[in-house]
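Scope of the values below: all heavy atoms of this structure, side chains included, with no hydrogens, waters or symmetry mates. Residue numbering restarts at 1 for every chain, and letters A, B, ... go by the order of the sequence lines.
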Amino acid sequence: MSSVSSQPQFRLTQPPSKVLHLRNLPWECTEEELVELGKPFGKVVNTKCNVGPNRNQAFIEFSDLNQAIAMISYYASSSEPAQVRGKTVYLQYSNRQEIVNNKTTADVGGNVLLVTIEGADARLVSIDVLHLVFSAFGFVHKITTFEKTAGFQALVQFSDAETASSAKNALDGRNIPSYLLPEHLGPCTLRITYSAHTDLSVKFQSHRSRDYTNANLPVAPSAIDANGMFSVGLDGKKLEPESNVLLASIENMQYAVTLDVLHMVFSSFGPVQKIAMFDKNGGLQALIQYPDVQTAVVAKEALEGHCIYDGGFCKLHLSYSRHSDLSIKVNNDRSRDYTIPNTVMMNPQPSILGQQPVATHGPPAHTYPGAQHHQMMPQPSAGWATGGPPVPHSMPAQMNNNPYLPPGTMPPQMGHGMMQMPNHGGLPHAPAMPPYRPGHMQ
DNA sequence: AGCACA
């Protein structure tokens with residue numbers, strides 16, 4: 001007869017095991033922290049954290065029993081308790097001999113996410129909006145969308161499982177920010193699981209599938225109009241032909257909207273090549289030219305119906321212009337060609353017009369007052385390199401203020417084509433983009 | 001602070 005209790009959980013002494021059971025861990029303790037803790041005593045071959053109702057228990061498994069014994073012995077006699085993040089951790093031999101990581105296929109992620117968009121207007125969510133949302137976490141390779149009994153779904157392919165996982169963690173269960181949606185749409189919730197796919201097959205660029213890695217992929221015949229543009233939306237509804245030039249009408253213009261303000265707002269989505277402002281029907285309109293249609297599409301999706309200034313002032317209405325290349329005769333306070341080098345812009349000299357466009361990566365000649373202090377100007381970035389394929393890197397500015405991720409956890413892919421977003425504050429009437437914060441997504 | 005799933 002042993003003197004210890006026969007109930008395994010509450011025995012005072014556990015038989016040794018190379019698996020240790022830890023408790024009183026800080027909430028959501030990471031595997032790395034467990035490894036750090038065990039490393040001095042041997043080789044940690046496996047861990048399992050966030051165990052128990054409070055997720056504050058864990059297991060670590062050493063390669064050898066003696067290592068586990070060493071750790072237990074050390075802390076049994078140490079004056080300093082084992083600690084993680086300053087919190088005392090209690091450890092003992094586990095009553096099991098090995099860690100079984102019950103990772104189901106649903107937990108072990110692949111690089112492709114299965115996204116179900118819920119909501120009455122789910123199927124009105126464009127592939128461009130999805131691209132925008134998921135690009136916050138890294139380069140999106142491909143997206144396909146389809147209707148299933150589950151509703152409107154999309155497969156979103158990232159480079160790797162880590163990126164996909166960060167997107168899933170941040171977005172699952174959240175709503176697409178309303179300001180990314182056409183304003184008449186109701187809330188659209190994202191439900192995300194891992195797909196078993198690793199590489200999607202996208203035959204055509206179309207309204208239901210895109211391959212952002214292949215700018216040369218043919219556009220689906222069904223989605224082309226006479227101008228070679230996308231002209232069909234979901235449900236086969238005719239769309240306005242897309243264009244690299246946007247026509248902006250500004251409603252409720254209580255504050256002056258200057259060329260520089262427009263440049264700043266639209267630069268968030270890519271290099272703005274040219275802007276022309278003019279009065280029409282007593283209101284202000286502007287044409288904004290991007291180098292490619294894709295960027296214009298993203299900008300239109302993101303900005304349509306939103307106000308430049310808080311309080312409903314200077315509301316933007318965007319449509320695609322029939323123009324593809326604006327003719328800017330003179331740089332003044334109503335029109336500007338940003339592709340002409342700064343020095344020329346300051347002192348126009350027709351003889352230099354043959355030069356390469358360079359201004360798209362630098363600040364414009366007239367920066368918005370104080371702009372430099374707010375990092376609101378486009379940063380140079382590989383994604384916008386001239387001459388490259390125009391499609392893949394059109395990522396919006398919000399991404400740098402990525403709300404889904406805690407600071408400092410930006411995936412490395414974020415470097416592509418990223419731009420700083422103007423922050424609130426600081427400037428009188430600084431353009432106020434809707435903040436991309438989780439709190440606003442519910 | 002006390003042993004994991006599905």
(message) Which residues pass the ring-ring contact (aromatic ring centres under 6.0 Å, His included) test with F158(A), not counting sequence neighbours?
(response) none
(message) Using a 3.5 Å distance criterion without hydrogens, assess whether the side chain of S209(A) forms a donor-acceptor pair with backbone atoms of F204(A).
(response) yes
(request) Grab the NZ-P distance between K87(A) and dA1(B) for me, whole Å please. (result) 6 Å
(request) Please state how far atom CG in L91(A) lies from atom P in dA1(B), giving the value in whole angstrom units. (result) 15 Å
(request) With sequence neighbours left out, write down each residue that passes ring-ring contact (aromatic ring centres under 6.0 Å, His included) with Y75(A), or none if nothing qualifies. (result) F41(A)
(request) Identify whether any heavy atom of E98(A) sits under 4.0 Å from a base atom; if not, whether one sits that close to sugar-phosphate; answer base, sugar-phosphate or nothing. (result) base
(request) Calculate the interatomic distance between N101(A) atom CG and dA6(B) atom C1'; express it in whole Å. (result) 15 Å
(message) Using whole Å, what does the distance between atom P of nucleotide dA1(B) and atom CG of N24(A) come to?
(response) 4 Å
(message) Heavy atoms within less than 4.0 Å of DNA chain B: which residues of residues 56-73 of chain A have one? Give them sorted by number.
(response) Q57(A), F59(A)
(message) From CG of N50(A) over to C1' of dA4(B), roughly how many Å is that when rounded to an integer?
(response) 11 Å
(request) Send over the distance from Y90(A) OH to dG2(B) C1', rounded to a whole Å. (result) 12 Å
(request) Taking salt bridge (Lys or Arg N to Asp or Glu O under 4.0 Å) as the test, write out the residues that go with E32(A), two or more places apart. (result) none
(request) Check side chain to side chain donor-acceptor pair (under 3.5 Å) between Q254(A) and all other residues, then give those that pass, not counting sequence neighbours. (result) N252(A)
(request) Please state how far atom CG in L25(A) lies from atom C1' in dC3(B), giving the value in whole angstrom units. (result) 13 Å
(request) Can you tell me the distance, in whole Å, between the CD atom of Q14(A) and the P atom of dG2(B)? (result) 14 Å
(message) Taking the minimum atom-to-atom distance to the side chain of R23(A), which one of dA4(B), dA1(B), dC3(B) wins?
(response) dA1(B)
(message) Taking salt bridge (charged side-chain N to carboxylate O under 4.0 Å, His left out) as the cut-off, I'd like each qualifying pair that reaches into residues 58-67 of chain A, sequence neighbours left out, listed once.
(response) K18(A)-E61(A)
